Asker: 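Mind having a look at this structure? Questions to follow.
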Amino acid sequence: MLVSWNTTNQCNMFCDHCYRDAGYKLDEELSTEEGKKLIDEIKKAGFKIMIFSGGEPLMRPDIFELGSYASKQGLRPVLGTNGTLITSEVAEKIKKAGFMAAGVSLDSLNPEKNDRFRKLENAFNLTVEGMKNLKKAGVLFQIHTTVMDWNANEIEKIADFACEIGAVAYHVFFLVPTGRAVDIEEEALRVVQYEKTINLLMEMQKKFDIEIKPTCAPQFIRIADRKGIPLRFSRGCLAGISYCIVSPRGDVQPCAYLDIPLGNVREKPFNEIWLNDPILNKLRTMEYKGKCGICDYKEKCGGCRARAYYYSQGDFMAEDEWCLYKPKGVER
């Protein structure tokens, strides 16, 4: 079980695809003490891994205090960052605070393309330097790429780069239209290319020593199964089942891209929201509609609930229309 806390909306980037529409710090973001209370409630709810993301979490002054507190409570704190602020000194602080690993975003090996997408001059060089500083400090890190129509041809090269620089994993995120990403929805991979790209990533897993994982593309479970590729993952879409997210102001939602507020941790303890919320409990029934409901991979894949929600205009239990697989009983 893992939970992601968007610790702040503040960010030094203004990325085209940001689901949080990050940039400026929001009024009434959770305080240090409220953050520690949230950590206690996350522990009580039975979570094991806590992702501290943003915005850019390193722009939050108390991030090391919060990470250290989570570690002392028995959680495994992980940092989700763009990497540009990770100097040698910051990397040492990340290590000392007890962060187990960091996920660092990099979308192209072409500095101009990467920086244009990220809306920050010299972002590529700063991010790569941040990775090197993490490596030097002994902090495990993985590279995250949001795959689009303009960088899909780079993913093998970025995986090679991940191996060369010392990353332990390469996770490829598939765009789900929410936040600012709604404005670039037309750049998302379409159904056939989506399936082909997941297949490519699973073929890559055969030859790369590091972990290759598609994210927000739960069909990778089916494709890996049919190719006989062993995975440490047993479930595709985790939204509401073993994953959720908390916003900078304390709003809980099923996942980063399923923008349905379930309650606020200032008004109700996180562990109570996680246990009792009717939307979360509906997601856990796996009573999906359409072909997702009769699919033989229903319990392992689940379809992307956020993508189903967006393309059905509001039904998070609808079938995931981006899946090409036709289970028995569906006309071909």
Side-chain angles (χ1 to χ4, degrees), residues 2 4-15 17-20 22-25 29 32 35 49-71 75-146 158-173 210-211 215 248 256:
L2 69 160
S4 179
W5 175 27
N6 294 146
T7 58
T8 181
N9 204 65
Q10 191 174 4
C11 191
N12 60 332
M13 291 183 169
F14 200 79
C15 305
H17 66 302
C18 182
Y19 66 85
R20 187 53 69 194
Y24 297 103
K25 182 180 178 180
E29 293 185 354
T32 303
I49 301 173
M50 184 171 180
I51 304 168
F52 290 76
S53 63
E56 173 48 55
L58 291 173
M59 296 188 77
R60 182 165 174 140
D62 60 357
I63 192 65
F64 303 116
E65 180 181 352
L66 290 166
S68 178
Y69 185 81
S71 180
L75 294 170
R76 292 173 57 88
V78 177
L79 199 65
T81 174
N82 61 45
T84 61
L85 302 178
I86 304 178
T87 62
S88 294
E89 181 182 8
V90 169
E92 291 294 340
K93 289 182 177 180
I94 291 170
K95 177 71 172 180
K96 185 177 180 181
F99 284 100
M100 304 297 295
V104 184
S105 300
L106 187 73
D107 296 299
S108 176
L109 294 180
N110 181 313
E112 183 179 348
K113 289 182 179 180
N114 182 80
D115 297 358
R116 186 187 309 125
F117 188 57
R118 292 272 161 185
K119 299 292 187 294
L120 180 69
E121 186 177 352
N122 203 36
F124 177 85
N125 292 326
L126 290 170
T127 298
V128 172
E129 187 65 24
M131 294 179 195
K132 292 178 179 178
N133 289 332
L134 288 170
K135 177 73 172 177
K136 184 178 178 181
V139 179
L140 299 178
F141 69 95
Q142 59 191 45
I143 294 179
H144 295 168
T145 295
T146 297
I158 300 176
D160 283 327
F161 173 79
C163 293
E164 292 168 6
I165 202 168
V168 297
Y170 179 47
H171 288 198
V172 177
F173 288 69
I210 65 172
E211 177 182 274
T215 300

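In this chain, numbering begins with 1 at the start of the sequence shown. Values below: every heavy atom of this structure, side chains too, minus hydrogens, waters and symmetry copies. All of these numbers come straight from a predicted model, not from anything done at the bench.
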Asker: Determine yes or no for a side-chain-to-main-chain donor-acceptor pair under 3.5 angstrom, with Thr8 supplying the side chain and Lys25 the backbone.
Answerer: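 Side chain of Thr8 to backbone of Lys25: no pair is present.
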Asker: Any idea which heavy atoms bring Phe141 and Leu134 closest together, and the distance?
Answerer: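 Answer, listing the atom of Phe141 first, then Leu134: CB-CD1, 3.9 Å.
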Asker: Are the side chain of Thr145 and the backbone N or O of Leu106 linked by a donor-acceptor pair below 3.5 Å?
Answerer: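 Checked: pair present.
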Asker: Within the 4.5 Å heavy-atom criterion, are Thr32 and Tyr69 side-chain neighbours or not?
Answerer: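 Thr32 does not reach Tyr69 side chain to side chain.
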Asker: For a 4.5 angstrom cut-off between non-hydrogen side-chain atoms, does Ile143 reach Met131?
Answerer: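 Of all side-chain heavy-atom pairs linking Met131 with Ile143, at least one is under 4.5 Å.
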Asker: Any side-chain donor-acceptor pair under 3.5 Å between Asn82 and Thr84?
Answerer: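 Yes, Thr84 and Asn82 have a side-chain donor paired with an acceptor closer than 3.5 Å.
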Asker: Name the residue from Leu58, Asp62, Ile51, Ile63 that meets the side-chain contact (heavy atoms from CB on, under 4.5 Å) definition with Thr7.
Answerer: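 One option only clears the test, and that one is Ile63.
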Asker: Indicate the ring-plane relationship of Phe52 and Phe99, choosing parallel, tilted or perpendicular according to the 30° and 60° boundaries.
Answerer: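 Phe52 vs Phe99 ring planes: perpendicular.
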Asker: Donor-acceptor check, side chain of Lys95 to backbone of Gly138, threshold 3.5 angstrom: yes or no?
Answerer: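 Yes, the answer is positive, given that a donor and an acceptor are paired below the 3.5 Å cut-off.
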Asker: Tell me, do Glu211 and His171 make a side-chain contact under 4.5 Å, heavy atoms counted?
Answerer: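 Yes, at least one pair of side-chain atoms sits under 4.5 Å.
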Asker: Check whether Asn114 reaches the backbone of Asp107 with its side chain - one donor and one acceptor, N or O, closer than 3.5 Å.
Answerer: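 Side chain of Asn114 to backbone of Asp107, a donor-acceptor pair under 3.5 Å: yes, one is there.
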Asker: Walk me through whether Lys96 and Phe64 qualify under side chain to side chain contact (heavy atoms under 4.5 Å, CB included).
Answerer: CA-CA 8 Å; Lys96 185 177 180 181; Phe64 303 116; over 6 Å; no
Asker: Which pair of non-hydrogen atoms, one from Pro248 and one from Trp5, has the smallest distance, and what is that distance?
Answerer: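 Where Pro248 meets Trp5 most closely, the heavy atoms are CA-NE1, 4.4 Å.
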Asker: Applying side-chain contact (heavy atoms from CB on, under 4.5 Å) between Thr81 and each of Thr127, Ile86, Ile94, report the one that passes.
Answerer: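 It is Ile86; the other options fail the test.
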Asker: Side chains of Ser105 and Arg118: closer than 4.5 Å at any heavy-atom pair?
Answerer: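 With C-beta onward as the side chain, the pair touches.
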Asker: State, with a plain yes or no, whether a side-chain heavy atom of Leu66 is found less than 4.5 Å away from one of Arg60.
Answerer: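 Yes, close enough: below the 4.5 Å cut-off.
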Asker: Side chains of Glu56 and Asn12: is there a donor and an acceptor less than 3.5 Å apart?
Answerer: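 No pair is found: no donor N or O on one side chain lies under 3.5 Å from an acceptor on the other.
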Asker: Do you know the tightest heavy-atom contact between Ala70 and Pro77?
Answerer: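 The answer is CB-CB, 4.3 Å.
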